[in-house]
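See structure below.
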Amino acid sequence: MKLSVRLVALAAVIATAACAPQTSGDSSSGKDEKTGTLRVWLFREVNNAPKEKAVESVVAGFEKAHDGTEVTVEYIPVETRAERIKAAFNDPKSAPDLVEYGNTDTAGYVKDGGLADITEEFGAWDEAKDTDPTARQSVTVDGRIYGAPYFVGVRALYYRTDVFGELGLEPPASQAELISTARQIRAAKPDLYGIAVGGAYTYGAMPFLWAHGGELATGKGGSYASAIDTPAARKGIEAYTSLFGDDNCPAAKCAGMGGNDTVTAFASGKAAMAIGGDFSHAAIEAGTVKGKYAVVPLPGVKPGSIAPAFAGGNNLGVLKSTSHRTLAVDLMRRLASKKAQGELFDAMGFLPTFSDVRQQVAAKEPFLKPFVETLAADTEFVPASPAWAQIDASLVLPTMFQEVVSGRKDVDAAAEDASKKMNEAFGSVG
């Protein structure tokens, strides 16, 4: 699997994509109780039942192995995770022992004292040696390990084979074709979005920016400057925001949509195309479009090219404030084990973080091909700065997109304002 040099370089100092709480000092409880109740927070997916079933199997085995223990699992909305995790870091009494978090959260959560250093425990875990190097780097900060990779993921283009067949269309091979195809579908079938897009779908929008040669920011080593207002980035913003309107996805309905909303629209038959991840597969299979869709890599600017995708994924981390450290680490390793990741893949389509397990599932599941091709083509990442927490939590990019699609600002003005906000955030962290 080929990953961009940028990703490999950045992953070791991965930035946050959720709100980084302002904490300081040692938040460790100083306790390591071997019985009691463990609280776990996991992310709620579009179709969460299969994930719950896979997790329940692991929890049952854990409780059986540890007499006097009980696990309570709460599934929290991804969209409000920033506030929830911020509150947990600031109030250890209400905090979980184990939490799922985005792979862009690591450095910020470590900086703010929220995650426990589990370097020794990770090193003693037999399965850890098979963890994909990039996934391993996503839990590493300054050479120390603060969690276990849970799954990796990238996005591609889902499209309705029945709609395309009826209209005599081929999957778009460039972004220009994607835009024109979406409008053609909308014109022929006004009850459908040509492609479901969201003003709050940051990671669905970024490939447009990157495909046009744009960047979110430039710099390294904690010193960054926004690049969102460069000519190349503005071309990408213009391309993405051109998909909002009555000729595709009306701004009044789509400006506020996030990634889950666009996947839901596609799964329910309201859109002919959507940008979704390998992790969206289970939800779409559970929808009305089952058996009537296919997936191809999201096209780039040049015909036949693949747009750079955000290299996503989630990790599991033990909170520094836990009073059940040993138990929490054991549960983390069980949830992130090869067996559990294989079951999670079967349930949700989430790509395993173990190289050998990923090869096994890819060999037996053809639907993974476009996602593997996307990973091999190129991937990008967010700036490796704790400032990304502020930028993401403050909705700087969604606000920019929404200002454009609502007509309140043109691309130049919206990008300039977003750039100023980003630079203020970068400057605030030194």
Side-chain angles (χ1 to χ4, degrees), residues 44-53 78 153-173 175 177-201 203-205 207 243-244 246-250 253-254 256-299 306-307 309 312 344-351 361-362 364-374:
R44 177 173 295 279
E45 311 299 337
V46 175
N47 179 22
N48 207 55
K51 181 177 182 179
E52 292 179 30
K53 186 176 180 180
V78 176
V154 291
R155 292 167 176 81
L157 182 68
Y158 286 79
Y159 71 97
R160 290 275 298 275
T161 52
D162 57 338
V163 173
F164 274 64
E166 179 184 344
L167 299 179
L169 301 172
E170 294 293 331
Q175 286 193 0
E177 285 186 17
L178 173 67
I179 295 168
S180 63
T181 298
R183 291 171 175 164
Q184 186 175 346
I185 293 170
R186 178 73 171 179
K189 293 182 173 293
D191 57 326
L192 289 180
Y193 302 140
I195 179 172
V197 288
Y201 191 8
Y203 296 117
L243 290 166
F244 293 81
D246 292 339
D247 59 354
N248 175 54
C249 201
K253 294 183 178 180
C254 302
M257 286 169 54
N260 282 354
D261 297 318
T262 62
V263 170
T264 298
F266 182 82
S268 63
K270 296 179 181 178
M273 293 183 286
I275 301 168
D278 53 275
F279 42 85
S280 307
H281 181 253
I284 292 173
E285 278 289 288
T288 60
V289 298
K290 178 180 175 64
K292 297 182 291 186
Y293 73 92
V295 187
V296 294
L298 184 68
I306 297 176
L344 191 65
F345 170 79
D346 290 337
M348 301 296 298
F350 294 168
L351 282 172
V361 300
K364 68 179 182 180
E365 293 291 353
F367 86 86
L368 286 177
K369 182 179 179 182
F371 302 103
V372 173
E373 289 178 350
T374 299

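Side chains are part of it too, since the values below use all heavy atoms of this structure and drop only hydrogens, waters and symmetry mates. Predicted, not measured: the structure shown is a model, and the values here were computed from it. By convention here, the first residue in the shown sequence is residue 1.
- With hydrogens and angles ignored, the 3.5 Å screen pairs no side-chain donor or acceptor of Thr181 with any backbone N or O of Leu178.
- For the atom pair Glu365 CD and Asp346 CG, the distance stands at 7.5 Å (nearest 0.5 Å).
- Residues Phe345 and Leu368 meet the side-chain proximity criterion, which asks for heavy atoms closer than 4.5 Å.
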Identify all side-chain donor-acceptor contacts of residues 286-294 below 3.5 Å with residues at least two apart in sequence or on another chain.
from	atom 1	to	atom 2	distance (Å)
Thr288	OG1	Ala267	O	3.2
Thr288	OG1	Ser268	O	3.2
Lys290	NZ	Glu285	OE1	2.7
Lys292	NZ	Thr288	O	3.4
Tyr293	OH	His281	NE2	3.4
Tyr293	OH	Glu285	OE2	2.7

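- Among all heavy-atom pairs drawn from Ala272 and Gly194, the shortest one is CB-O, 3.5 Å.
- Residues Gly277 and Phe371 approach most closely at C-CE2, 3.5 Å, considering heavy atoms.
- With contacts defined as side-chain heavy-atom distances shorter than 4.5 Å, the pair Tyr193/Thr262 does not qualify.
- Side-chain contact between Gln184 and Leu167 is absent, with no heavy atoms from C-beta onward closer than 4.5 Å.
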Verdict with supporting geometry, Lys51 and Leu344, side chain to side chain contact (heavy atoms under 4.5 Å, CB included): CA-CA 7 Å; Lys51 181 177 182 179; Leu344 191 65; 4.1 Å; yes

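- When all heavy atoms of Pro207 and Gln175 are compared, the closest pair comes out as O-NE2, 3.7 Å.
- The minimum heavy-atom distance between Ala196 and Ala265, with the atom names listed, is CB-CB, 4.2 Å.
- Ile275 places none of its side-chain heavy atoms less than 4.5 Å from the side chain of Tyr203.
- Residue Ala307 comes nearest to Pro299 through the heavy atom pair CB-O, 3.4 Å, listed as atom of the first residue, atom of the second, then distance.
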From CA spacing to verdict: salt bridge (Lys or Arg N to Asp or Glu O under 4.0 Å), Asp162, Arg160: CA-CA 5 Å; Asp162 57 338; Arg160 290 275 298 275; 2.8 Å; yes

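- Listed for the Arg186 side chain is a donor-acceptor partner under 3.5 Å among the backbone atoms of Asp246.
- Using a distance-only test at 3.5 Å, with no hydrogens or angles considered, no donor-acceptor pair links the side chain of Asn260 to the main chain of Val46.
- Leu243 is not listed as a side-chain neighbour of Cys249, based on a closest heavy-atom distance of 4.5 Å or more.
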Step-by-step side chain to side chain contact (heavy atoms under 4.5 Å, CB included) determination, Ile195 to Leu157: CA-CA 9 Å; Ile195 179 172; Leu157 182 68; 3.9 Å; yes

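- The shortest heavy-atom contact between Pro366 and Lys364 is CD-O, 3.6 Å.
- Contact annotation: the side chain of Pro172 approaches that of Phe164 to within less than 4.5 Å [non-hydrogen atoms, C-beta and beyond].
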Check against side chain to side chain contact (heavy atoms under 4.5 Å, CB included), Val295 and Phe367: CA-CA 7 Å; Val295 187; Phe367 86 86; 5.8 Å; no

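- Here the side chains of Ile179 and Asn248 are not in contact, with every heavy-atom distance at 4.5 Å or above.
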